[in-house]
Amino acid sequence: MSELDQFRTQTRAWLDANCPPAMREPITADDMVWGGSQLAFKNDDQRAWFEAMRERGWFAPGWPREYGGGGLDRRQAQVLDEEMRRLHCRQPQYNLGIWMLAPVLLKHGTHAQKLEHLVPMAQGRVRWCQGFSEPNAGSDLASLRTRAEPDGEDFIVNGSKIWTSYGNFADWMYALVRTDPAAKKQAGISFVLIDMQSPGVTVKPIELISGKSSFCEVFFDNVRVPRRQLVGALNDGWTLGKELLQHERAAMSKFAEGAAPSLDPLASVRAWLAENPGDALAPELRTRLAKLLMDAQAFALTHRRVTEQALARHDVKGPAAIMKLVQTEQEVAKYELLADALGQRALVWEDAPSTGLEHEVDRGWLLSKTYTIAGGSSEVQLNIIAKRVLGLPT
Ligand SMILES: Cc1cc2nc3c(=O)[nH]c(=O)nc-3n(C[C@H](O)[C@H](O)[C@H](O)COP(=O)(O)OP(=O)(O)OC[C@H]3O[C@@H](n4cnc5c(N)ncnc54)[C@H](O)[C@@H]3O)c2cc1C
């Protein structure tokens, strides 16, 4: 038996012994465990699974042990991922820091920065948020205006960020700030790490029509950020920010995939068709259902192929934009199909009587729309694909 096969056998046995059966059920948004100083468990199974994985360093299986990771090589990390999927193990914690910031820190951070930030991340002790978007800088991110001015050993940060997911629970923020207002806009930006407890940071939650708002506005009023929290070179933040967005796009399809919604729209359409076989809309809905099922299957296969390519260190920047676009638009189409099947029943709002399905479909549809915007809107992904994948003139 090869060493990798041995590792697979041992990993499978360990997961089977340590992942409680309840942690193999599909997860809903309310059941997700987020690391950080406000870490909370709903039950003993969640805690046991979290602690078992943390002790092995398997929140970040591929990182060096020195930084709190599991020290696995790429193939072993892939085996762990496969075995977790096989047993339907939940993600033991959700952590934007591990998925998005860490790859950038591993590549560009100093040893001291890695020790300071990766170790607590790998232990689930710190929760991160992303401070990129501003009121007039979303798709056109390079227009951001939050300033960081040098002052001795610190920067003084002034300005504001918007749409900061989970800003109200985060311990730290990775942010893009303007450090050279005179330079061409992409050239004057730096990537800094900001302690959310710093004096002068104010966080205000924003309500959303989907009912499940994670959004916040974050205001900076003369916030002191030590210069050692600058990642990469001064004014080189744009390069790092672009890299991070690629990791975000990859993480988003992982996020959506792990977070099985409490409602499976296509299964609900199937059930509806079984109950209403003679409905005038049934033939059209059946055709759309078949197409979406095939699309989902094609997406799953492509996802596996791209994961393999990434493991083999191929450049997957283009595919990441394609995957993000396709996966998020497919989710919207699934909810729209179910809404069309339910007809007026899909318009039922919170306080109206419902079987439960109606409430979930409209909330789910609204939520699915947000993923077509987060991490770069569908239109922006199309631009990226046109430019970087197809090489079309701009
Ligand atoms: C669920 C969710 C979570 C988010 N979390 C965070 C977070 O944690 N941190 C953070 O910093 N930001 C976050 N965002 C913000 C997100 O990055 C921005 O909303 C996104 O980049 C779009 O920017 P905008 O909202 O300013 O829209 P705009 O940029 O104003 O775009 C408005 C419309 O114009 C279109 N458009 C813009 N430019 C072009 C173009 N060149 N070509 C064609 N069409 C164009 C867009 O597609 C969109 O339809 C989040 C957003 C969502 C929905």
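We number each residue from 1, following the sequence as shown. Being a predicted model, the structure only gives us computed values, none of them experimental.
No side-chain heavy atom of Phe59 sits under 4.5 Å from any side-chain heavy atom of Gln123.
Between the side chain of Glu248 and the main chain of Leu244, no donor-acceptor pair closer than 3.5 Å is present. Not a single donor-acceptor pair under 3.5 Å links the side chain of Ser198 to the backbone N or O of Ile194. Glu55 places no side-chain N or O within donor-acceptor distance of the main-chain N or O of Ala52, the cut-off being under 3.5 Å. Put simply, the side chain of Lys107 never gets that close to the backbone of Glu243: no donor and acceptor are under 3.5 Å apart. Side chain of Arg24 to main chain of Cys19: a donor-acceptor pair is present (N/O by atom type, distance under 3.5 Å, no hydrogens or angles).
Not counting sequence neighbours, the partners of Trp172 by the ring pair (Phe, Tyr, Trp, His ring centres under 6.0 Å) test are His117, Trp128. For the side-chain contact (heavy atoms from CB on, under 4.5 Å) test, residues two or more places apart in sequence or in another chain that qualify with Ser2 are Leu4, Asp5.
Salt-bridge formation is not detected for the pair Asp154/Arg227: no Lys NZ or Arg NE/NH1/NH2 atom is positioned less than 4.0 Å from an Asp or Glu carboxylate oxygen. A salt bridge links Arg47 to Glu51: at least one charged side-chain nitrogen sits closer than 4.0 Å to a carboxylate oxygen. Between Asp171 and Arg127, none of the side-chain N atoms (NZ, or NE/NH1/NH2) sits under 4.0 Å from a carboxylate O, so this pair counts as no salt bridge. Look at Asp264 and Lys334 and you find no salt bridge, because none of the NZ, NE, NH1 or NH2 atoms lies under 4.0 Å from a carboxylate O. Ionic pairing of Glu83 and Arg86 is present here: one or more N-O contacts between side-chain nitrogen and carboxylate oxygen are shorter than 4.0 angstrom. Residues Glu82 and Arg8 are paired through a salt bridge, judged by an N-O separation under 4.0 Å between the basic side chain and the carboxylate. Using a 4.0 Å cut-off between a side-chain N of Lys or Arg and a carboxylate O of Asp or Glu, Asp81 and Arg85 qualify as a salt bridge. For Asp180 and Arg147, the salt-bridge test fails: no basic side-chain N is under 4.0 Å from an acidic carboxylate O.
Nearest heavy-atom pair across Cys216 and Pro205 is SG-CA, 3.9 Å. Annotation for Phe220 and Val157: closest pair CB-O, 3.7 Å, computed over non-hydrogen atoms. Residues Ala148 and Thr179 share a closest heavy-atom pair of O-CG2, 3.5 Å. The shortest heavy-atom contact between His247 and Val104 is CD2-CG2, 4.1 Å. Nearest heavy atom pair, residue Leu141 against residue Leu245, reads CD2-CD1, 4.3 Å. Of all non-hydrogen atoms in Glu66 and His111, the two that sit nearest each other are OE2-CE1, 2.9 Å.
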Task: Lys42 and Asp30: CA distance, side-chain angles, deciding distance, salt bridge (Lys or Arg N to Asp or Glu O under 4.0 Å) verdict - done: CA-CA 10 Å; Lys42 279 189 167 174; Asp30 291 342; 5.2 Å; no
Task: Test side chain to side chain contact (heavy atoms under 4.5 Å, CB included) applied to Gln327 and His303, step by step - done: CA-CA 10 Å; Gln327 203 259 342; His303 189 268; over 6 Å; no
Open item on the list: Under the criterion side-chain hydrogen bond (donor to acceptor under 3.5 Å, both in side chains), I'd like the reasoning laid out for Ser378 against Glu329: C-alpha separation, chi angles, the key distance, then a yes or no.
Closed with: CA-CA 8 Å; Ser378 289; Glu329 290 294 339; 2.5 Å; yes
TODO: Evaluate the salt bridge (Lys or Arg N to Asp or Glu O under 4.0 Å) criterion for residues Glu217 and Lys161: first the C-alpha distance (whole Å), next the side-chain angles of each, then the deciding distance (0.1 Å), finally the verdict.
DONE: CA-CA 6 Å; Glu217 280 178 286; Lys161 296 288 173 182; over 6 Å; no
Task: Criterion side chain to side chain contact (heavy atoms under 4.5 Å, CB included) on Gln130 and Tyr174, from CA distance to verdict - done: CA-CA 5 Å; Gln130 174 173 303; Tyr174 54 88; 2.8 Å; yes
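When ring centroids are compared, Trp58 and Trp14 come within the 6.0 Å threshold. Ring centroid separation for the pair Phe169 and Trp34 does not come in under the 6.0 Å cut-off.
Listed by first and then second residue, the salt bridge (Lys or Arg N to Asp or Glu O under 4.0 Å) pairs involving residues 284-295 are Glu284-Arg288, Arg288-Asp340, Lys291-Asp295 (not counting sequence neighbours).
Gln113 and His108 are not linked by any side-chain donor-acceptor pair at a separation below 3.5 angstrom, with hydrogens and angles left out of the test.
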